[in-house]
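Keep in mind that the numbers below use all heavy atoms, side chains included, and drop hydrogens, waters and symmetry copies.
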Amino acid sequence: MPAVMADPLTLPRLPVLPEAETGWRRVAKTVTAARHLEGEGFQVRRPFPGIDLSLADPFLLLDHMGAVEYAPGEAKGTPWHPHRGFETVTYIIDGAFQHQDTTGGGGLIADGATQWMTAASGIQHIEQPPPELVAKGGLFHGIQLWVNLPRAQKWVPPRYQDIEARDVKLLAADDGSSLVRVIAGSVAGYDGPGVTYTPINYLHATVAPGARLALPWPREFNALAYVLSGRGTAGVEEAPLDEGQLAVFAGSHNQGTGDGLVVRAADVQPAGSANGWEILILGGLPIREPIARYGPFVMNTREEIVQAFDDFQAGRMGTIPAEKVPHQSSADEPLA
């Protein structure tokens, strides 16, 4: 772990941020992810919802799947189910997942790839482990992030993006010690491949044992750090942050109070984290609209939720099985 690796000394480097002039964000809250069963019975760790969602806006949910070594016959997925009003972003760090949706989008997501599905006006999809993983077992580790859509984009047509492992923008820390993968958004002028309706940053960093990672960050964005494996600290005050924990940085729910984030990996990492401290760093421009949420639908009003159930039951969210149609690559322009 993880699948996408590179020598940081060969990569473009993040800028050195001046200590005195940078508005370093402090950690306002630390959350330990709760464990839940999803789909056909696979376990996830979920740091939010469970906190005040204004702290995570524009994100709605983060599910950490694994890391788990499946025995033969153990791997599970989800049945067909609908969504409306947001986007699901599935990032597979190790192993593989098969996706299919009622626009015809889908395929195999494996070893560092990301599937970005914009449900928007309505879609159905299914996510399953590939037959060989079910038959033979093996390592599986992934993340699913739900990104809210503003009112104006909740009714756009669904779309699908394939982001292959090779498409992710790779950067190094300012001292060359750590590796940063930019999946979506922009950091220090380096852009990730994900095409988003809602302005966000979505990064996966491997921070070398004992190393410090400093990132420039938009003042208007919130900021969150979630630990995939290993241990370290977040913020200039060095708040402890272990596997399965989320740090919410101050300024995440108002106008933004700082333009820099800093994290540090512990000098000694647990067994299984030889590469370093594995963390997600994410944030976005808060939407600050009313949220009406029930099951797989996220809208602005209760009436829109009732309409979503009516539309699903009436077959207006796609037909199963879907006819394969061309999907949007990460290089294509947004449809909005």
Side-chain angles (χ1 to χ4, degrees), residues 1-2 8 13-34 45-48 50-52 54-56 59 62 64 67 93 143 171-182 185 187-188 201-284:
M1 171 193 163
R13 296 197 185 185
L14 293 164
V16 176
L17 301 182
E19 291 296 324
E21 291 79 12
T22 300
W24 298 107
R25 294 207 193 180
R26 299 182 70 86
V27 174
K29 188 179 183 70
T30 301
V31 178
T32 299
R45 284 179 282 186
R46 183 176 296 165
F48 64 87
I51 59 171
D52 178 356
S54 68
L55 300 175
F59 306 116
L62 180 67
H64 181 193
I93 300 167
I143 293 287
L171 305 173
D174 55 22
D175 62 359
S177 63
S178 303
L179 173 64
V180 177
R181 306 160 190 82
V182 184
V187 179
N201 285 342
Y202 187 20
L203 320 177
H204 172 194
T206 302
V207 187
R212 178 181 184 268
L213 173 63
L215 295 165
W217 204 255
R219 283 182 174 267
E220 66 275 16
F221 277 22
N222 66 11
L224 310 166
Y226 177 77
V227 182
L228 298 168
S229 71
R231 62 171 63 101
T233 64
V236 289
E237 71 275 39
E238 298 193 343
L241 206 62
D242 291 347
E243 180 175 333
Q245 291 188 314
L246 174 82
V248 181
F249 287 88
S252 303
H253 60 292
N254 48 43
Q255 296 302 312
T257 57
D259 54 8
L261 303 179
V262 62
V263 295
R264 187 186 299 272
D267 293 339
V268 178
Q269 293 294 323
S273 298
N275 291 324
W277 191 37
E278 301 290 345
I279 59 173
L280 296 180
I281 302 174
L282 58 157

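When atom types are taken as modelled, the side chain of Q269 and the backbone of A266 share a donor-acceptor pair closer than 3.5 angstrom. At distances below 3.5 Å, at least one donor-acceptor pair connects side-chain atoms of W217 with backbone N or O atoms of N222. Proximity of a side-chain donor or acceptor of E278 to a complementary backbone N or O of V227 within less than 3.5 Å is not detected.
For the pair T30 and L241, the minimum side-chain heavy-atom distance is below 4.5 Å. In this structure the side chain of L203 never reaches within 4.5 angstrom of the side chain of L171, judged on heavy atoms. A 4.5 Å side-chain heavy-atom check between L224 and Y226 finds every atom pair outside the cut-off. Side-chain contact between F48 and V31 is absent, with no heavy-atom pair separated by less than 4.5 Å.
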Working note: R46 + L62, criterion side-chain contact (heavy atoms from CB on, under 4.5 Å); need CA distance, chi angles, decisive distance, verdict. CA-CA 6 Å; R46 183 176 296 165; L62 180 67; over 6 Å; no
L215 and I281: CA distance, side-chain angles, deciding distance, side-chain contact (heavy atoms from CB on, under 4.5 Å) verdict: CA-CA 10 Å; L215 295 165; I281 302 174; 3.4 Å; yes
side-chain contact (heavy atoms from CB on, under 4.5 Å) between W277 and V263, worked out: CA-CA 10 Å; W277 191 37; V263 295; 3.6 Å; yes
side-chain contact (heavy atoms from CB on, under 4.5 Å) between W24 and L17, intermediate numbers included: CA-CA 10 Å; W24 298 107; L17 301 182; 3.8 Å; yes
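Checked for salt-bridge contact, R231 and E243 miss the test: no charged N lies under 4.0 Å from a carboxylate O. In summary, R13 and D174 do not engage in a salt bridge, as defined by a charged side-chain N under 4.0 Å from a carboxylate O. Using a 4.0 Å cut-off between charged nitrogen and carboxylate oxygen, E19 and R212 count as a salt-bridge pair.
A265 and P209 get closest at one heavy-atom pair: CB-CA, 4.2 Å. For the pair V236 and R26, the tightest heavy-atom approach, listed with the atom from each and the gap, is CG2-NH1, 3.6 Å. N201 and G185 get closest at one heavy-atom pair: OD1-CA, 3.3 Å. Smallest separation of non-hydrogen atoms from S177 and A173: OG-CB, 4.2 Å. Closest approach of L228 to I143, counting heavy atoms only: CD2-CD1, 3.5 Å. Scanning both residues, A225 and F249, for their nearest heavy atoms gives CB-CE1, 4.0 Å.
A distance of 8.5 Å separates CD1 in I279 from OG in S178, rounded to the nearest 0.5 Å. Atom NZ in K29 sits 10.0 Å away from atom CG in L246 (nearest 0.5 Å). To the nearest 0.5 Å, atom OG1 of residue T32 and atom CZ of residue R45 are 10.5 Å apart.
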